There are 2 protein chains.
Amino acid sequence: MATIAGQDESCCIPLTAAPITPDDATELSRKFKALADPTRVRLLSLVAAHEGGEACVCDITEPVGLSQPTVSHHLKILVEAGLLAREQRGTWAFYSVVPGALGHLSDVLRDPIARDAGIVAV
Amino acid sequence: MATIAGQDESCCIPLTAAPITPDDATELSRKFKALADPTRVRLLSLVAAHEGGEACVCDITEPVGLSQPTVSHHLKILVEAGLLAREQRGTWAFYSVVPGALGHLSDVLRDPIARDAGIVAV
DNA sequence: GGTCTAGATAGACAACCTTCGATGGAGGAC
DNA sequence: GTCCTCCATCGAAGGTTGTCTATCTAGACC
């Protein structure tokens, strides 16, 4: 049933529009849990803003000021949450943001009433 | 410096547009941490979808199937994260979603490239 | 006053998370 | 082959979190 990277079709209903099902809440909270650490938020941002939209571990370990195993650990959590993708090229492991993964979360959090008035034009 | 409910102006820069500062990452992760539990996601959704956009504890304790103190505990976390507001009316405590709080998070998660093409028209 | 209800707080306990140093494994250079 | 670099995994320590029961506070009502 998944379209891309495990996302199901229930993704596009804003959280505030109707009571979410327990299963969907669990799935959603799994992704938010991946973002519930300042280091992981920084890693995600660093990867996304890096040239080419991808970065290897060595590129982002020093900026966050943590040990390499810890950074590897956090990156794994982001990958398992479906937010980052990992590609091995030679000795290096390149991480990139999964297309649409953050947009999916953005859609779920969008206020269906206030947002319509303020943003959407077409 | 806060505009509404502790939100600062750095809120509107998408996470993926540029490397986030450590302070902003900490602030952001505090809000995501509030959403990092399935029960809290359900509570938020139940409150938002309840008639009038507000609900008392007794309205939402039974649907989530947890004890009343536990629900109170989760609601407090959501309030402290700036996502819910609490108003005491008589014996009841009414909770409602803080206007713009989720929209703020939605904006931060929006992909500045892919989203521009798909949504914004003006 | 006394009693009932709605909800918050306190304390306890198990589970989980973050971080580290040490180690292991795979690929490239020589 | 040997060495070196990049990165993942392992095991452990310390802190944090989710849940409960028991208790407390504050209104409403008689």
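Note that the coordinates shown come from a computational prediction; the quantities given were computed from them, not determined experimentally. Quick note on labels: first sequence line is chain A, next is B, and so on, each numbered from 1.
At whole-Å resolution of the value, CG in B/Asp37 and C1' in D/dT17 are 9 Å apart. Atom CD1 in A/Ile77 sits roughly 12 Å away from atom P in D/dT9 (whole-Å rounding). Across the protein-nucleic acid pair, A/Leu35 atom CG and C/dC17 atom P stand 15 Å apart, rounded to whole Å. In this structure, B/Phe94 atom CZ and C/dG7 atom P are separated by 8 Å, rounded to whole Å. The CD1-C1' distance, from B/Ile60 to C/dA6, rounds to 13 Å in whole Å. B/Gln68 places its CD atom 12 Å from the C1' atom of D/dT23, with the value rounded to the nearest Å. When the C1' atom of C/dC16 is taken as reference, atom NZ of B/Lys33 falls 13 Å away, rounded to whole Å. Counting to the nearest Å, the P atom of D/dT9 and the CG atom of A/Leu75 are 12 Å from each other.
Out of D/dC7, C/dT18, D/dT9, the shortest distance to the side chain of A/His74 is found at C/dT18. Of all nucleotides listed (C/dT18, C/dG27, C/dC20), C/dG27 comes nearest to the side chain of A/Thr91. In the set D/dG18, D/dT9, D/dC7, the nucleotide with an atom closest to the side chain of A/Ala93 is D/dC7. Comparing atom distances between the B/Pro69 side chain and each of C/dG7, C/dA10, C/dC20 picks out C/dA10 as nearest. Listed nucleotides D/dT19, C/dG7, C/dG21 differ in distance to A/Ser67; the shortest reach to its side chain belongs to C/dG21. The side chain of A/Trp92 lies closest to D/dC7 when the candidates are C/dT19, C/dG7, D/dC7. The side chain of B/Arg40 lies closest to D/dG18, out of D/dG18, C/dT9, D/dT19. In this structure, the nucleotide among C/dG7, D/dC7, D/dT17 sitting nearest to the side chain of A/Arg86 is D/dC7.
Phosphate proximity of C/dC20 to A/Thr70: present, with a side-chain N or O under 4.0 Å from OP1 or OP2.
Taking the side chain as every heavy atom from C-beta outward, B/Tyr95 and B/Val57 approach each other to under 4.5 Å.
A/Gln68 places no side-chain N or O within donor-acceptor distance of the main-chain N or O of A/Thr70, the cut-off being under 3.5 Å.
Counting any heavy atom pair closer than 4.0 Å across all strands shown, B/Tyr95 reaches sugar-phosphate atoms only and no base atom. Among the protein residues, B/Arg89 comes within range of no part of the nucleic acid, since none of its heavy atoms lies under 4.0 Å from any strand.
Here the CG atom belonging to B/Leu15 is positioned 12.5 Å from the CG atom belonging to B/Asp107, to the nearest 0.5 angstrom. How far CZ of B/Arg40 is from CG of B/Leu78: 6.5 Å, rounded to the nearest 0.5 Å.
Among the candidates A/Leu35, A/Val97, A/Val98, the single residue satisfying the side-chain contact (heavy atoms from CB on, under 4.5 Å) test with A/Leu83 is A/Leu35.
Residues A/Ala36 and B/His73 each lie close to DNA chain C; by heavy-atom proximity, the contact nearer the 5' end of the strand is made by B/His73.
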